[in-house]
A.B. asks: 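Structure incoming, see below.
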Amino acid sequence: MSINGGSRRGKDTRDFPTYPAAAPKRPRGFGRPSATGAAENPGTGDSSSPQGSKPELRRALWRLSLPRPTRETLLPPGTVRAIWLGFQTWLVSWAAIVLLAVATWTQYSSLPAMSHTTWQNALEIGNGIYAAALGASLSNATMHFSLTPWGITLFIGFLLGLSLKVARPQSPWALAWGLLAFLLPTWVCLGFAALRLTVWPAVLVSLILAVTVFVLVGRRLPWSNFAVIFPGGEPWEWLSLSGRLLKILTLSALGMGVLTLLGGAVLGWTDMLNIWNGLHPGILGGIILVLGLLAYLPTILVWALSWLVGPGITVGSGTVFTPGQVVSGDLPPIPFLAWLPEAPTGWWPLAIPVVSAILTGILLSRKHDLTLPDTLLSLAFLLVVMLGGGFILTLGASGDLGPGRLGEVGPLPAVVYAGVIACGVPFAVTLVLGHRRVGQEAARFAARIAGKDIDALPTAKLDL
């Protein structure tokens with residue numbers, strides 16, 4: 001069987017009409033004919049080209065401006081997530097404060113004193129509270145207020161650190177972008193608050209907060225290696241010891257402050273309830289008073305420690321609250337001010353930080369293997385840090401609480417030196433006396449006094 005020259009049996013080899021293959025699809029906007037029949041060039045910027053060419057052009061310009069290695073360095077994977085979580089931290093913290101201010105205005109807007117206010121005024125007050133939490137202050141002819149609610153600041157920092165920790169940025173750049181996404185809207189809010197407040201301290205505090213979060217979050221991520229700043233790639237042993245000792249002393253001071261504050265709350269509980277009942281706050285007002293107490297809880301803890309170490313605090317000009325002296329005056333009806341002592345208790349509370357420091361020094365004296373010179377260097381650095389930290393705490397817990405005599409509120413300046421003398425010096429002396437080298441030298445000296453043969457005593461090689 002042969003049809004049309006076919007040579008294979010049973011196969012139909014007739015010529016059937018064929019059609020050309022379909023042309024490959026072209027991208028949208030590339031080479032399509034225009035109304036005049038001419039193909040358009042997307043790179044010429046012709047306004048009649050379809051919109052599909054514009055994203056391609058922008059993408060090409062982006063690739064040209066930032067090469068791939070640079071893009072991978074500045075914008076690593078996870079950057080978008082870090083940016084969103086950083087912005088979300090600002091949004092949640094700011095909205096919570098502002099919405100609470102607006103809700104308070106809604107509750108009390110029917111009062112005669114609130115008749116000329118609007119919700120915009122409540123919004124402005126809420127934004128001002130957010131700025132005050134970062135260190136902004138109010139000062140005009142009728143009102144002075146600069147006592148920072150550090151509880152809100154710590155809450156914002158905790159929320160920011162937790163959010164960026166969840167994001168797990170894969171490089172320092174991703175973490176920096178997340179912090180920048182928090183700082184930019186924060187500074188915009190401070191810009192609006194600058195119409196009535198002094199905000200430059202708040203800008204500085206926000207930067208310090210961002211750097212602190214960067215260090216605390218970054219040091220727990222795989223890419224972090226902050227030890228490279230030290231020769232040899234490891235922190236000095238005496239510096240590491242200072243850090244551990246500072247952490248222990250901070251926790252000890254925090255515990256003493258909490259116990260002192262609880263004692264004041266128990267003794268002043270009746271007066272606090274009388275002030276609370278006299279205010280008739282209601283449900284929303286009660287919530288606001290509790291949140292206000294939490295906002296100023298770190299400040300109150302610093303006040304409690306200031307009272308415990310001796311110099312005490314002042315709540316208004318002409319007032320002094322110390323263990324051995326109480327000079328009080330008219331105070332505003334704020335519930336937690338009822339925790340202030342009404343009469344002197346004597347100077348015996350000063351023994352609490354001294355005994356605590358001595359016991360802590362005894363427990364830690366044999367917990368390290370540093371030589372005596374390195375131990376002395378570590379303790380000297382620790383005392384310097386305590387002086388600087390005490391000055392910062394005293395400054396942060398002081399300020400203005402209102403007009404008139406309430407312009408001076410907070411710890412007295414002598415608290416810094418009293419705290420170092422009451423806690424730092426006994427701790428350092430005990431730690432040095434408990435050192436192994438000091439113990440061995442003391443044994444040798446006692447043997448020499450007793451008339452024993454020093455060379456016959458067991459000795460050990462000491463590498464100083």
Side-chain angles (χ1 to χ4, degrees), residues 135 146-148 150 153-154 201 204-205 207-209 211-212 215-216 230 235-258 260 298-314 320-323 347 349-365 368 370 372-399 408-435:
S146 60
L147 194 62
T148 304
W150 293 111
T153 313
L154 294 178
L204 181 61
V205 170
L207 286 173
I208 295 175
L209 182 67
V211 172
T212 304
V215 173
L216 294 179
F230 298 97
W236 301 304
E237 293 184 355
W238 64 265
L239 187 60
S240 300
L241 178 62
S242 296
R244 294 196 301 269
L245 298 180
L246 181 62
K247 183 185 299 184
I248 293 172
L249 286 180
T250 301
L251 294 176
S252 176
L254 183 62
M256 289 187 294
V258 170
T260 305
T299 302
I300 301 172
L301 284 175
V302 175
W303 289 7
L305 285 174
S306 302
W307 179 87
L308 188 62
V309 297
I313 62 173
T314 176
V320 175
F321 295 89
T322 68
W347 294 105
L350 274 67
I352 297 177
V354 176
V355 173
S356 174
I358 293 175
L359 292 178
T360 306
I362 293 174
L363 292 175
L364 298 178
S365 59
H368 65 91
L370 266 67
L372 184 58
D374 284 346
T375 303
L376 294 175
L377 179 61
S378 176
L379 291 174
F381 181 76
L382 175 65
L383 293 178
V384 172
V385 172
M386 289 181 65
L387 281 173
F391 177 77
I392 294 174
L393 288 177
T394 302
L395 183 64
S398 305
E408 299 178 9
V409 175
L412 297 176
V415 166
V416 179
Y417 310 104
V420 174
I421 294 174
C423 297
V425 173
F427 175 78
V429 171
T430 307
L431 199 67
V432 170
L433 293 179
H435 195 274

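For the single chain, residues carry numbers from 1 onward in sequence order.
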A.B. asks: Mind checking what makes side-chain contact (heavy atoms from CB on, under 4.5 Å) contact with Leu377, not counting sequence neighbours?
C.D. replies: Trp238
A.B. asks: Any donor-acceptor pair under 3.5 Å linking the side chain of Thr260 with the backbone of Met256?
C.D. replies: yes
A.B. asks: With a 3.5 Å distance limit and no angle check, can you tell me whether Thr212 reaches the backbone of Ile208 through a side-chain donor-acceptor pair?
C.D. replies: yes
A.B. asks: Can you list everything that forms a side-chain contact (heavy atoms from CB on, under 4.5 Å) with Val432? Sequence neighbours excluded, please.
C.D. replies: Leu372, Leu376, Leu379, Val438
A.B. asks: Check whether any side-chain heavy atom of Pro349 lies under 4.5 Å from a side-chain heavy atom of Trp307, and answer yes or no.
C.D. replies: yes
A.B. asks: Any donor-acceptor pair under 3.5 Å linking the side chain of Trp303 with the backbone of Ile313?
C.D. replies: no
A.B. asks: How long is the span from the CG atom in Leu431 to the CG atom in Leu245, to the nearest 0.5 Å?
C.D. replies: 6.0 Å
A.B. asks: Quick one: CG on Asp374 to CG on Leu239, what's the gap to the nearest 0.5 Å?
C.D. replies: 11.0 Å
A.B. asks: Determine whether Leu207 and Val211 make a side-chain contact, defined as any pair of heavy atoms from C-beta on separated by less than 4.5 Å.
C.D. replies: no
A.B. asks: How close do Ser365 and Ile362 get, heavy atom to heavy atom, and via which atoms?
C.D. replies: OG-O, 3.0 Å
A.B. asks: Could you tell me if the side chain of Val258 sits less than 4.5 Å from the side chain of Leu301, heavy atoms only?
C.D. replies: yes
A.B. asks: Can a donor-acceptor pair be found between the side chains of Thr360 and Ser252 at a distance below 3.5 Å?
C.D. replies: no
A.B. asks: Within a strict 4.5 Å, meaning less than it, do heavy atoms of the Leu249 and Cys423 side chains meet?
C.D. replies: no
A.B. asks: Mind checking the OG1-CG spacing from Thr430 to Leu363? Nearest 0.5 Å is all I need.
C.D. replies: 10.5 Å
A.B. asks: Identify the heavy atoms of Leu147 and Val409 that sit nearest to each other, and give their distance.
C.D. replies: CD2-CG1, 4.4 Å
A.B. asks: Would you find a donor on one side and an acceptor on the other, under 3.5 Å apart, between the side chain of Thr250 and the backbone of Leu246?
C.D. replies: yes
A.B. asks: Does any part of the side chain of Pro411, heavy atoms only, come nearer than 4.5 Å to the side chain of Ser398, both counted from C-beta?
C.D. replies: yes
A.B. asks: Hey, does the side chain of Thr322 reach the backbone of Gly310 with a donor-acceptor pair shorter than 3.5 angstrom?
C.D. replies: no
A.B. asks: Heavy-atom distance under 4.5 Å between the side chains of Arg244 and Leu364, does that happen here?
C.D. replies: no
A.B. asks: Any donor and acceptor pair, going by atom type alone, linking the side chain of Thr299 with main-chain N or O of Ala397 inside 3.5 Å?
C.D. replies: no
A.B. asks: Do you know which two heavy atoms are closest between Pro353 and Leu308, and how far apart they sit?
C.D. replies: CD-CG, 4.1 Å
A.B. asks: Write down the atom of Gly135, the atom of Pro201, and the distance for their closest heavy-atom approach.
C.D. replies: O-CB, 3.5 Å
A.B. asks: Indicate the atoms forming the closest heavy-atom contact of His435 with Leu370, along with that distance.
C.D. replies: NE2-O, 2.7 Å
A.B. asks: Considering the options Ile392, Ile421, Leu387, Leu395, which one meets the side chain to side chain contact (heavy atoms under 4.5 Å, CB included) requirement together with Val416?
C.D. replies: Leu387
A.B. asks: Quick one: does Val205's side chain get under 4.5 Å of Thr148's, heavy atoms only?
C.D. replies: no
A.B. asks: Do Phe427 and Leu382 touch side chain to side chain, with heavy atoms closer than 4.5 Å?
C.D. replies: yes
